[in-house]
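Written out below as C-alpha cells is the structure these notes cover.
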Amino acid sequence: MTLSIVILCWNDLAVISNCLQSIFAGSSLTDFEVIVSDNGSTDGSVEYIRKTYPAAQVIENGANLRFSKGNNVGIERSTGEYVLILNPDTIIHEGALDRWVAFADEHPEAGAFGCRVLNPDGSYQGSAQPFPSLGGDLIGALYLRPLTRLLPSLPSDTYTRWNGDSERTIDWQCGCCVMLRRDVLKSIGGFDERFFYYYEDVDICHQVWKTGYTVRYTPDVTITHLGGQSTQRAPHAFEIDKYRNRYRYFYKYYGPTGASRCRLVSLTSLILRYCGYTLVAVATLNPRLKDRLALYKTAIRWNWRVNPISLVENGADPARQSAPIPQA
C-alpha cells in the first residue's frame, strides 16, 4: 500500500461525501486506502459511508476522542508508506494525490509534506507557516508585519513575500491536509494527545524536524478547504481551546518562562484588536462585528485569569472545561 488516507469524522455528513468522492474519483495512479475514524457521530455519517463508499474502512470509536487521539486510532490501522491526515471538509483536486506521492518520492530528505490549500473562493489559505515564536508573535500582535518585508531578518508569524506559489521547505503544514512518511510518523508516536485541538499540526511537524527530516511544500498539489465546520458550532469554547494549546506548545518548546511570556503577547494582541474593532464598529455601525468583539472579550477574560504554568503542569483552568468538538 502506497498511501493511507486518515479522515476524522464527527457528525460531518454534510461535507464528508464530497471529500470521499474527490478522493475516489480523482486518483488513478496511486494505490491507496481510506480510513475513517469516527468520533461517535449521530448524524448518520457511519451508515452513509459504509453504504456509499464500501471501500472505505470505518472505525467506530464510540465517543468523541477529539482530534489527536481520534487520528491516532486511524494511524494505528494504516498500512501505507505515506499517511495523509485529511479533514472531512476538504476537496482533493483532480490528480493531486498522484502528484503528491510522486513529489514525496522525489524528496527522501523530507518526512512530512505540505500542499497548497485554497479557500472556497480560490484564494490561498496560508496553510504553511513558520513555527510560533515570541518574537514573531509579538510582531504580529503589534501589527508590524510590514516591517518584515523591509527587514527579512526580523522574526515573523507568517512567511512574508510568499503566497504559497513556489516549492520550498517550510516549518509546518496545517493539519487539515498534511502527509507524512508512515515510518517517521510511527517513530514519533503519532500526534501528541495533549494537543486535543489546535497546535497538534504545529507540534507534529516540529517532531518531524527533530528526527532530522524536513517538511517540504509543493504548490503543484492543491485542495480546497471549507474551514470552520467545527469551530462555528462552539466558537467561544474553541477560542479558549486555541489558547490552552498555545500555552501547551510554548511550554513544551520554550519552557515555563516561554509560556508565561506567551500570555503577555496574547493579551497584547487581543486587547489591541478588541480596541481597534470597537472603533471600527462605532464608525461603520457594522452589526457583524458584534460576534467578533464578543469572542475577543471571552478570550481576554480567560487569558487574564489563567496561569499558563499551572494550566500545563496542574490543569488549573479558569474555564474548567474544554470545547466539545474534535476537528481541525
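Salt bridge absent: D192 and K69 never bring a charged side-chain N and a carboxylate O closer than 4.0 Å. Of the charged side-chain nitrogens involved, none lies within less than 4.0 Å of a carboxylate oxygen, so that E200 and R248 do not count as a salt-bridged pair. Salt bridge K210/D203: absent, no basic N to carboxylate O contact under 4.0 Å.
In this structure, a donor-acceptor pair under 3.5 Å is absent between the side chains of N303 and S266. Looking only at atom types and distance, the side chain of Y48 has a donor-acceptor partner in the side chain of S17 under 3.5 Å away. Using modelled atom types, one finds a donor on one side chain and an acceptor on the other under 3.5 Å when comparing W302 with D317.
Distance check, rounded to the nearest 0.5 Å: CG of L65 to CG of N39 gives 4.5 Å.
Geometric assessment of R244 against the ring of Y198 yields a negative cation-pi assignment under the 6.0 Å and 45° thresholds.
Ring to ring, F24 and Y53 are close: their centroids are under 6.0 angstrom apart. For F191 and F67, the ring centers sit closer than 6.0 Å to each other. With ring centers used as reference points, F32 lies 6.0 Å or more from Y82. Residues F250 and Y254 bring their aromatic ring centres within 6.0 Å. Aromatic ring centroids of Y249 and Y253 lie under 6.0 Å apart.
Between D157 and I139 the shortest side-chain heavy-atom distance does not fall below 4.5 Å. Between H93 and L118 there is a side-chain heavy-atom pair separated by less than 4.5 Å. Using a 4.5 Å cut-off on side-chain heavy atoms (C-beta onward), C176 and V117 make contact.
For Y243, there are no ring-ring contact (aromatic ring centres under 6.0 Å, His included) partners, not counting sequence neighbours.
Under the side chain to side chain donor-acceptor pair (under 3.5 Å) criterion, no residue pair touches residues 282-291, with sequence neighbours excluded.
One N or O on the side chain of S37 and one on the backbone of G70 form a donor-acceptor pair closer than 3.5 Å.
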Determine, stepwise, if the pair R99 / E94 fulfils salt bridge (Lys or Arg N to Asp or Glu O under 4.0 Å).
CA-CA 10 Å; R99 292 192 296 274; E94 179 74 26; over 6 Å; no

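Put simply, L185 and V208 are part of the same group of oily side chains (I, L, V, M, F, W, Y) that touch within less than 4.5 Å, one to the next.
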Quick one: side chains of residues 274-281, donor-acceptor pairs under 3.5 Å with protein atoms, not counting sequence neighbours, listed by atom name and distance.
unit_1	atom_1	unit_2	atom_2	d
Y277	OH	R292	NH1	2.7
T278	OG1	Y274	O	2.6

